[in-house]
Each structure stands twice: as structure tokens, then as C-alpha cells.
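Atoms within each ligand, like the ligands themselves, are counted from 1 in listed order. Values below: every heavy atom of this structure, side chains too, minus hydrogens, waters and symmetry copies.
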Amino acid sequence: MHGDICDRELIDRLLAEHQPRAIVHFAAESHVDRSIHGPGDFIRTNVNGTFTLLEAARGHWMGLDAEAKAAFRFHHVSTDEVYGSLGPTDPAFSETKTYEPNSPYSASKAASDHLVRAWHHTYGLPVTTSNCSNNYGPYHFPEKLIPLMIANALAGKPLPVYGDGQQIRDWLYVTDHCSAIRAILQAGKPGEVYNVGGWNEKPNIEIVHTLCALLDELKPDAAGSYSRLITYVTDRPGHDRRYAIDARKIERELGWRPAETFETGIRKTVEWYLANQDWVAHVQSGAYRDWLDKNYAGRS
Ligand code: TYD
């Protein structure tokens, strides 16, 4: 069902019809650059949408018998960005790190995390939350760093690196994120937060060079290495310098570990994009081109 999480009537109807044992709340506006150009959508979907979903879930949950009520879960998928930005030698984010969101996106996700927490403490709704690092892999929308760089390289377009390219992100292959959520649904404790990460801190420029090297190997371009397309552009305002996740709690308590290394995951990702260029072409619709104009035309 393609619907709007702010549409309470629709959600009530779906819950009544499907009687789910769990709700996994992935629905969010997620792109920092878009949140800078248009924060209103982020407040609406991430804050009001989460509120609507929590209220609908609470209504559904209250109608369950005691056994189903105890087994029910509302899992909230969140981000490491709520914790703010780290200095080069700061310890990685643990679950007790203070919230210091810096972008409209991360502030809206922080607000939603607080709502989820409050619905547990106030109403007893059996919630769990995961705060995950940057994902990558198949079907990643080409507005984000990795799929954008692959799509631009294959089109012979510039590879726009913001600022000095030394910003660090902690990358996790998407199916490892899914297995972490599965582990939390199976054995996570209601009210608990789990940080999920791949122990893969990398500066952006290194990611872009890795992508160029893989493309040079898998789809060589007669014009030379794709790295010739790397172009440094004006930085993102308020750009967080470093994110890093301390994933020891989920490893210790739930026995979760990522299955992919960065090397295996990034190779699978490039191979997937090469084999699925139809999908990329399909999502590069008119609205996508408008976005590229808005986000990149103003950068020197
Ligand atoms: P992004 O995929 O937008 O994720 P997030 O901002 O949530 O971490 O960006 C990842 C990093 O890549 C981030 O530091 C911004 C940088 N970046 C670029 O340098 N150029 C780009 O064109 C994009 C989209 C991102």
C-alpha cells in the first residue's frame, strides 16, 4: 500500500485489516540536503508522521488480548545523525550520548526518537529504537553520495565532493541493517535503544576513489579513469564532520554482527548498479532532475 503516514484513517484501516504483530517504522524524509532546501516536509513526515503512527499503533495495541499485547512491537528506525558531529579523536556514539542534532533532518529524527521514547514511558507501548549509521547498497536513491557518484560517473558527469571531502561517515551494507532490525524484533527489550554500525569509518573522498577504482575495473571508460571527474564543490551548510557508531551493545546483548565488510559490500553495490541501470534511469524522472538543478547549480 503506497500511503501517507500522516493519514490516520488509512493507517487505522490497514491495522484493522492486517492485524500486524509489529510495526517497523522506516518511513522518513532522509536526505540532509533536501532538509536544508525544504525543512517543512521533514517536520511533517518525520515528526507529525511518527506521532500519527504512534497514536494509531497505540489504538491497535490497546485492543489486543494480553498475550498479543505483550508480544507486539513498534520498532522505530532512526539515525546516528541525532547525536551530532564528532571530533577526530572523540569516542564513537554510544546509546547514552547526548542528542545534538545539527540539520533540519537530524533535528526532525531526534524529535521522533523522543516521541517514541515518551509513548513507551507514558503509555507502555512496547517500542524499540535503532540508530544506524549511513546505509548503502541496492535500490539506494541516487540523491545520496554512493549511488549519485556511480550514476554521475557512468554518465560522464562531474563527481561533486562537498568541501574538502574529509568528512567521515560510518558505512553499513543495507542487508546488515535489516538483519539488525530482525535481531531487535526477535530479542530486543521494549524501551531500549540499539546503535547499529559497520565499524567502517571512511572519509568521503576515499569512498569516491574506491567507487572510481571499481568502475575502472568493471566498466572501463576509454576516456580514462573515472577519477578525472572528481570535482570539489561548495560545502553543505552546517556539514557534520564525523559520525561513528559504537555497536557493542547490539553485539553483546543480541549477538548481531554485520556479515559484509566494506570491501565486499561496495563491490556488490557497484555490480548491482551496473546490472540495474534501467532502475536508475526510471527513478531519474523530471522531479529528480529538478532536484539536481536545485542542489548543485548554486555550488561553485
Ligand atoms: P549523504 O549520502 O547525503 O548522507 P549523510 O549526509 O546523511 O551522511 O552524504 C554522505 C556524505 O557525502 C556527506 O558527508 C555529504 C557528502 N556528499 C558529497 O560530498 N557530495 C554529494 O553530492 C552528496 C550527495 C554528499
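Looking at D80 and K109, no side-chain N of the basic residue comes within less than 4.0 Å of a carboxylate O on the acidic one, giving no salt bridge. Looking at D164 and R241, a side-chain N of the basic residue comes within less than 4.0 Å of a carboxylate O on the acidic one, giving a salt bridge. Note on E29 versus R34: no salt bridge recorded, every NZ/NE/NH1/NH2 to OD/OE distance being 4.0 Å or above. Look at D90 and K97 and you find no salt bridge, because none of the NZ, NE, NH1 or NH2 atoms lies under 4.0 Å from a carboxylate O. Salt bridge E95/K249: absent, no basic N to carboxylate O contact under 4.0 Å. Electrostatic pairing of R58 and E55 counts as a salt bridge here, judged by a charged N lying under 4.0 Å from a carboxylate O.
Below 3.5 Å of separation, one finds no N or O of Q167 facing any N or O of ligand 1. Checked by distance only, ligand 1 and H239 come closer than 3.5 Å through their nitrogen or oxygen atoms. At least one N or O atom of Y296 sits closer than 3.5 Å to an N or O atom of ligand 1.
For Y99, the ring pair (Phe, Tyr, Trp, His ring centres under 6.0 Å) partners at least two apart in sequence or on another chain are Y83, H114.
Protein heavy atom nearest atom 19 (O) of ligand 1, with residue, atom name and distance: Y162 N, 2.9 Å. When only non-hydrogen protein atoms are considered, atom 6 (O) of ligand 1 lies nearest to R236 NH1, 2.5 Å. Protein heavy atom nearest atom 20 (N) of ligand 1, with residue, atom name and distance: P160 O, 2.7 Å. From the protein, the heavy atom lying nearest to atom 16 (C) of ligand 1 is N204 ND2, 3.4 Å. Annotation: atom 5 (P) of ligand 1 to nearest protein heavy atom, E81 OE2, 3.4 Å.
The ring of W272 has its center closer than 6.0 angstrom to the ring center of W279.
Counting heavy atoms under 4.0 Å from ligand 1, residue L145 touches it through both backbone and side chain. By the criterion of a heavy-atom distance under 4.0 Å, the side chain of R169, and not its backbone, is placed next to ligand 1. Here H31 has side-chain heavy atoms under 4.0 Å from ligand 1, and that is the only part of it that gets that close. Contact annotation for L148 and ligand 1: only side-chain heavy atoms (C-beta onward) come within less than 4.0 Å of the ligand. Counting heavy atoms closer than 4.0 Å to ligand 1, residue N134 contributes side-chain atoms (C-beta onward) but none from N, CA, C or O.
Short contacts between ligand 1 and V32, defined as distances under 4.0 Å to a heavy atom of the residue, involve ligand atoms 6 (O), 7 (O). Distances below 4.0 Å separate heavy atoms of V161 from the following atoms of ligand 1: 19 (O). Heavy-atom contacts of E143 reach the following atoms of ligand 1: 24 (C) (cutoff under 4.0 Å).
Ring-plane geometry between Y296 and Y162 is classed as tilted, the angle between the planes lying from 30 to 60 degrees on a 0 to 90 degree scale.
With respect to R242, the side chain to side chain donor-acceptor pair (under 3.5 Å) criterion is satisfied by exactly one of Q167, E201, Q166: E201.
Ligand 1 is never approached by Y105 to a heavy-atom distance shorter than 4.0 Å.
Using a 4.5 Å heavy-atom threshold, the side chains of M149 and Y226 count as separate.
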